[in-house]
Amino acid sequence: MRDIAIPKHFDSGSAQDRWYNYWEEKGYFKGSADSASEKYTIVIPPPNVTGVLTLGHVLNNTLQDILIRWQKMKGKEICWVPGTDHAGIATQSKVETYLKKEKNLTRYDLGREDFLEHVWEWKEKYGGRIIEQLRKLGVACDWERERFTLDDGLSDAVEDVFIKLYKKGLIYKGKRIINWCPKSRTALSDEEVIHKEEKGNLWHIKYPLANGNGELVVATTRPETMLGDTAVAVHPEDERYKDFIGKTIMLPIVKREIPVIADKFVDKEFGTGAVKVTPAHDPNDYGMGERHHLPMINVMNDDGTMNQAAGEEFNGLDRFKCRKILVEKLQKQGSLVKVEEHLHKVGYSERGNVPVEPRLSDQWFVKMKTLAEPALKVVADKKIKFYPERWTKTYNHWLENIKDWCISRQLWWGHRIPAYYCSGCGEIMVAKTQPEKCKKCHTKELHRDEDVLDTWFSSWLWPFSVFGWPHDNNDLKEFYPTNSLVTGPDIIFFWVARMIMAGLEFMDEIPFSEVYFTSIIRDEQGRKMSKSLNNSPDPLDVIDHYGADALRFSIIYIAPVGQDIKYSNEKCDIGKHFATKIWNAARFRLMQAPLSENWDSLENISTENLRDDDIWILSKLDKKVTELSDALTDFEFHKYAHDIYEFIWSEFCDWYIESAKSVFFKGSEPEKKTVFNVFDYAFSRILRLLHPIMPFLTEELYHEMGYVTEKDSIMLSPWPKVFNKKLKAQLQITDEKEKLVNNKFELISAARNIKSTYNIPNVQKTPFCIKPVDKKAEEFLCSDMSGLKTLLNAEMLTLIKDDSELDGPAPSSVSSLGSVYLPLRGVIDIEEEKKKLNKQEKELQALLKGINAKLSNENFVNRAPEKVVKREKERKIEFEEKLKRLNNMMNNL
RNA sequence: GGGCGAUUAGCUCAGUUGGCUAGAGCGUCACGUUUACACCGUGAAUGUCGCAGGUUCGAGUCCUGCAUCGCCCACCA
């Protein structure tokens with residue numbers, strides 16, 4: 001054995017920084033448009049610039065990195081564009097909170113310019129954090145291409161798109177009911193509203209007729225909005241209220257006369273069947289307001305307090321405080337009929353976490369219908385494929401029922417809307433730069449729209465804006481459309497669908513052809529990771545403790561297919577132990593001898609020294625190359641991780657290395673040379689197959705082993721290919737050979753089982769006898785007695801033809817290739833032996849019973865595929881034969 | 001109210017177009033520091049595949065219904 005100084009464990013900490021810097025310095029992450037190779041492009045889902053790395057990012061970016069590294073090894077010119085998102089509301093509120101806390105200032109105290117300066121400062125200070133953290137994970141992003149959604153180039157794209165859509169009539173400004181967040185004081189899109197089920201009340205309020213002859217009772221969940229009521233609606237066919245239609249109501253408290261209208265929207269069954277109508281504060285009421293030309297009275301300020309229109313008494317009160325006082329007042333004056341408990345859904349602002357207020361307001365919108373149609377078509381036509389496919393249903397449903405997109409936000413942090421208003425005549429002008437004068441009345445007094453655009457209005461352009469669009473260039477030509485998008489299903493509407501629409505509208509081409517939707521990471525109890533629960537581990541701590549490779553591997557290994565992941569740090573042991581296992585396999589190999597000269601080829605291998613076990617591992621490897629490539633092609637990352645784990649641990653380490661030991665320790669030089677060659681070849685391929693998921697470990701070992709050539713990184717080595725027919729024939733790889741070796745291993749397990757039954761330590765060498773089942777088995781076993789002896793840890797191994805050659809009864813077991821005996825005098829425990837053989841007999845009998853039932857069933861024999869029937873017949877013969885041997889053994893006891 | 005998903009060994013999950021003797025990791029039990037690895041090895045135990053029907057020669061896999069859990073969407077005040 002060679003005396004070499006390799007530690008027993010992989011030092012992930014030192015390897016990570018070392019290799020990451022190495023790759024970056026060498027420029028291996030860079031994607032060049034000039035390359036002649038086929039391009040493979042991914043754009044990162046840009047994390048919020050203020051964010052910190054979470055396990056969600058770890059999963060998402062590991063998946064992208066697997067794809068990128070795999071494609072690079074397959075010879076593609078890769079380009080993975082990283083970047084961050086300015087995240088309008090999130091960032092602005094973060095900085096506002098900070099300013100309030102540290103300096104007791106609001107954004108209004110500072111004014112727009114000063115405030116934005118503070119946000120930029122904040123961004124410079126903390127914005128790079130998540131990017132730095134991503135590097136620790138080992139991701140192969142082309143950092144020179146890093147983009148930020150508020151960069152000049154991207155802002156340029158945003159303005160361009162706004163102007164284009166405006167000119168096309170797809171962007172318009174209008175007064176609509178929108179979702180208003182009273183905390184952030186901005187409009188929101190429908191998607192930014194989260195509906196939560198809550199226990200509320202249904203207040204029944206008496207509304208008297210103005211003429212004093214009767215009253216209607218209305219039911220409402222938001223009594224404070226009655227201050228803005230401009231009608232009461234009933235169903236036109238509601239017999240109870242027929243006579244009320246057309247009359248007027250005297251609105252309580254407010255003392256305003258409002259009409260009773262008939263509208264089919266009203267559900268006769270719900271509440272009292274009479275609905276108060278507040279067009280300025282409810283989307284449905286707004287609809288009725290339009291249909292019946294009702295006045296629309298906005299009774300609230302932008303911060304959720306009541307305004308003057310609500311009446312002097314309520315002016316300035318918070319909406320919920322107002323509700324309370326108003327209800328008390330109604331009760332006092334006898335207008336409150338009853339209060340019912342009522343379970344209903346309340347819309348909350350995603351960021352502000354307060355109930356949103358439907359509010360009539362002047363906003364900018366994008367007409368979505370025409371954009372949606374082509375987006376539906378490309379997915380229906382499978383030009384874009386979703387994985388898992390079921391998400392197409394969600395996607396279709398949203399696009400088929402799409403509503404106009406409210407894109408203006410009353411914030412300061414974001415892309416300012418490129419619209420200018422004439423102070424004289426109010427004319428709207430949409431342009432990149434401020435026009436000289438009003439195009440209508442020619443006054444020179446113009447002012448720019450104060451609002452900014454929804455953050456997603458820049459993100460939806462991401463796949464082409466990052467490459468310099470709207471300016472024509474080579475990057476855009478070469479890298480767009482991109483290939484795969486990896487993202488969470490929670491942003492199908494926000495981002496994925498909109499990117500598809502934008503790609504088709506502005507580039508006339510799909511933005512990507514495959515979308516992989518990741519799982520959501522939860523804690524062990526299945527709860528969402530959240531700050532308040534403090535159940536969200538910091539990935540950097542995990543990397544410190546287990547290593548980036550271990551984290552990457554484990555998270556993919558435990559991720560169920562299309563389901564949520566239940567994560568706990570301890571699960572990273574899987575990856576860490578796996579890394580150690582591989583590390584020691586390499587260490588063991590280097591302890592034997594230096595690397596084979598011709599490790600990279602099998603063409604010149606001496607076939608006469610090639611053992612069946614060598615052929616076996618090459619055959620397994622060959623199949624694994626196909627399996628793993630297929631798994632990655634189909635985005636079956638979980639399968640990829642499990643398959644390679646199984647292959648390396650069970651097949652390569654447990655069987656092949658153990659088998660190779662007989663040659664390593666006792667073989668002749670030519671024999672050793674051949675086995676080293678096979679080992680080195682196979683191990684180099686193993687490292688390559690593993691590289692996408694464990695980049696640091698594989699790079700380290702690639703160098704340790706000496707696999708590097710002029711190509712000085714595993715990143716540059718090719719993804720393994722399957723053997724061609726000629727090589728397969730030369731290496732004598734056949735399914736039959738593979739099966740024979742499998743059966744040999746089965747026999748070895750049976751032998752070990754005997755030892756274990758008698759509590760003989762595995763380390764203790766014992767004699768074994770094998771009675772081969774036939775001539776062929778005998779020849780096969782004879783071909784490598786030394787290897788067999790090693791695997792059995794046998795002190796002596798004899799092939800026998802008949803039980804009489806044994807010195808009395810011996811513990812035994814049957815296997816496909818033959819019967820195994822442990823001929824140790826005095827060891828046998830007849831009762832124990834009977835028990836064991838009995839159990840085996842019962843199992844076989846049960847199996848045979850099933851098989852016989854099938855084979856004696858005419859329907860089965862006639863209707864089942866020939867292949868299946870044939871197999872059953874073979875199994876029948878095999879089991880009957882085994883059973884016979886077993887019975888013999890029992891008789892001989 | 002619609003839609004989607006889940007239900008398989010103590011736990012976390014695999015099980016392709018129906019052909020299985022239902023698997024893996026962790027955990028459990030027994031034996032063991034063998035000359036890669038105790039972050040290891042060898043062996044073992046453990047399942048009415050949520051429930052009820054149906055189709056089929058054959059169902060964990062397909063169909064119908066039900067139950068429980070989870071998610072998404074929807075204007076019932």
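By convention in this document, chain letters (A, B, ...) are assigned in the order of the sequence lines, proteins followed by strands, and residues within each chain are numbered from 1.
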- Query: Do the side-chain N and O atoms of S519(A) and D564(A) include a donor-acceptor pair separated by under 3.5 angstrom?
  - Reply: no
- With no angle test and no hydrogens, is the base of C37(B) tied to the side chain of K581(A) by a donor-acceptor pair under 3.5 Å? yes
- Query: To the nearest angstrom, how far is I555(A) atom CD1 from U12(B) atom C1'?
  - Reply: 14 Å
- Query: Across all strands shown, which nucleotide pairs with U7(B) by Watson-Crick or G-U wobble geometry, both distances under 3.5 Å?
  - Reply: A67(B)
- State, without any angle test, whether T225(A) and K276(A) hold a side-chain donor-acceptor pair at a distance under 3.5 Å. yes
- Query: What is the distance from CD of E843(A) to P of U46(B), rounded to the nearest Å?
  - Reply: 10 Å
- Message: Is it the case that the ring center of F652(A) lies less than 6.0 angstrom away from the ring center of F679(A)?
- Response: yes
- Message: Minimum heavy-atom separation for I521(A) and G56(A), please, with both atom names.
- Response: CD1-N, 4.2 Å
- G2(B) OP1/OP2 closer than 4.0 Å to side-chain N/O of W398(A): no
- Query: Does a side-chain N or O from S749(A) land closer than 4.0 Å to OP1 or OP2 of G43(B), or not?
  - Reply: yes
- Item | Watson-Crick or G-U wobble mate for U48(B), both contacts under 3.5 Å | none
- Query: So which nucleotide from A30(B), A14(B), A36(B) ends up closest to the side chain of N759(A)?
  - Reply: A30(B)
- When we call it a touch if two heavy atoms are under 4.0 Å apart, what does K571(A) touch: a base, just sugar-phosphate, or nothing? sugar-phosphate
- Message: Parallel, tilted or perpendicular, judged at 30° and 60°: which one describes the rings of F517(A) and F386(A)?
- Response: perpendicular
- Message: A quick test of your reading: do over 12 heavy atoms of other residues, nucleotides or ligands sit less than 6.0 Å from NZ of K196(A)?
- Response: yes
- Query: Would one find a side-chain N or O of K403(A) under 4.0 angstrom from OP1 or OP2 of C75(B)?
  - Reply: yes
- Residue V266(A), side-chain heavy atoms: nucleotide from U12(B), A14(B), A77(B) that is nearest: A77(B)
- Message: Without decimals, in angstroms, what is the distance between N569(A) CG and U12(B) P?
- Response: 18 Å
- Query: Now, which nucleotide makes the Watson-Crick or G-U wobble pair with U61(B), with each of the two distances under 3.5 Å?
  - Reply: none
- Message: Of the options G5(B), G41(B), A36(B), whose atoms approach the side-chain atoms of R390(A) most closely?
- Response: G5(B)
- Message: As a test of reading the structure: which of G19(B), C37(B), G43(B) is closest to the side chain of F860(A), going by heavy atoms?
- Response: G19(B)
- Mind calculating the distance between NZ (K276(A)) and P (A77(B)) to the nearest angstrom? 12 Å
- Sub-4.5 Å side-chain heavy-atom contact between E290(A) and Y286(A): yes
- Counting side-chain heavy atoms from CB outward, which of G32(B), A77(B), G19(B) is closest to P865(A)? G19(B)
- Query: Considering only G32(B), A36(B), C73(B), which nucleotide approaches the side chain of V763(A) most closely?
  - Reply: G32(B)
- Task: Rounded off to whole Å, could you give me the NZ-to-P distance for the K835(A) and A44(B) pair?
- Result: 15 Å
- Counting just side-chain N and O atoms, does H577(A) come under 4.0 Å of either OP1 or OP2 of C40(B)? yes
- Query: Y567(A) near the nucleic acid: base, sugar-phosphate alone, or nothing, with a heavy-atom cut-off under 4.0 Å?
  - Reply: nothing
- Could you tell me whether the side chains of N569(A) and Y567(A) share a donor-acceptor contact shorter than 3.5 Å? yes
- Which nucleotide sits closest to the side chain of S756(A): G43(B), G25(B), U21(B)? G43(B)
- Item | Identified pairing partner of G1(B), criterion: Watson-Crick or G-U wobble below 3.5 Å | C73(B)
- From NZ of K876(A) across to C1' of C20(B) the rounded distance in Å is 19 Å
- Can you tell which of A14(B), C37(B), U34(B) lies closest to the side chain of K8(A)? C37(B)
- Given atom CZ of F578(A) and atom P of C40(B), what is their separation to the nearest angstrom? 12 Å
- Message: Under 3.5 Å for both donor-acceptor distances, Watson-Crick or wobble: does C29(B) have a partner, and if so which one?
- Response: G43(B)
- Message: Check the phosphate of A45(B) against K839(A), side-chain N and O only, distance under 4.0 Å to OP1 or OP2. Yes or no?
- Response: yes
- Item | Donor/acceptor link under 3.5 angstrom from H397(A) side chain onto base of C73(B) | no
- Message: So, under a plain 3.5 Å distance rule, would you say the side chain of E636(A) forms a donor-acceptor pair with the base of A14(B)?
- Response: no
- Taking only side-chain nitrogens and oxygens of K639(A), does any of them come within less than 4.0 Å of OP1 or OP2 of G15(B)? no
- What's the CD1-P distance between I177(A) and A77(B), to the nearest Å? 16 Å
- May I ask which nucleotide in the shown strands pairs with U17(B), Watson-Crick or G-U wobble, both distances under 3.5 Å? none
- Task: Among the candidates C4(B), C20(B), A74(B), find the nucleotide nearest to the side-chain atoms of R871(A).
- Result: C20(B)
- Message: Which nucleotide wins on minimum distance to the side chain of Y645(A), given the candidates G25(B), A45(B), A36(B)?
- Response: G25(B)
- Message: Please tell me if N793(A) has a side-chain N or O lying less than 4.0 Å from either OP1 or OP2 of U34(B).
- Response: no
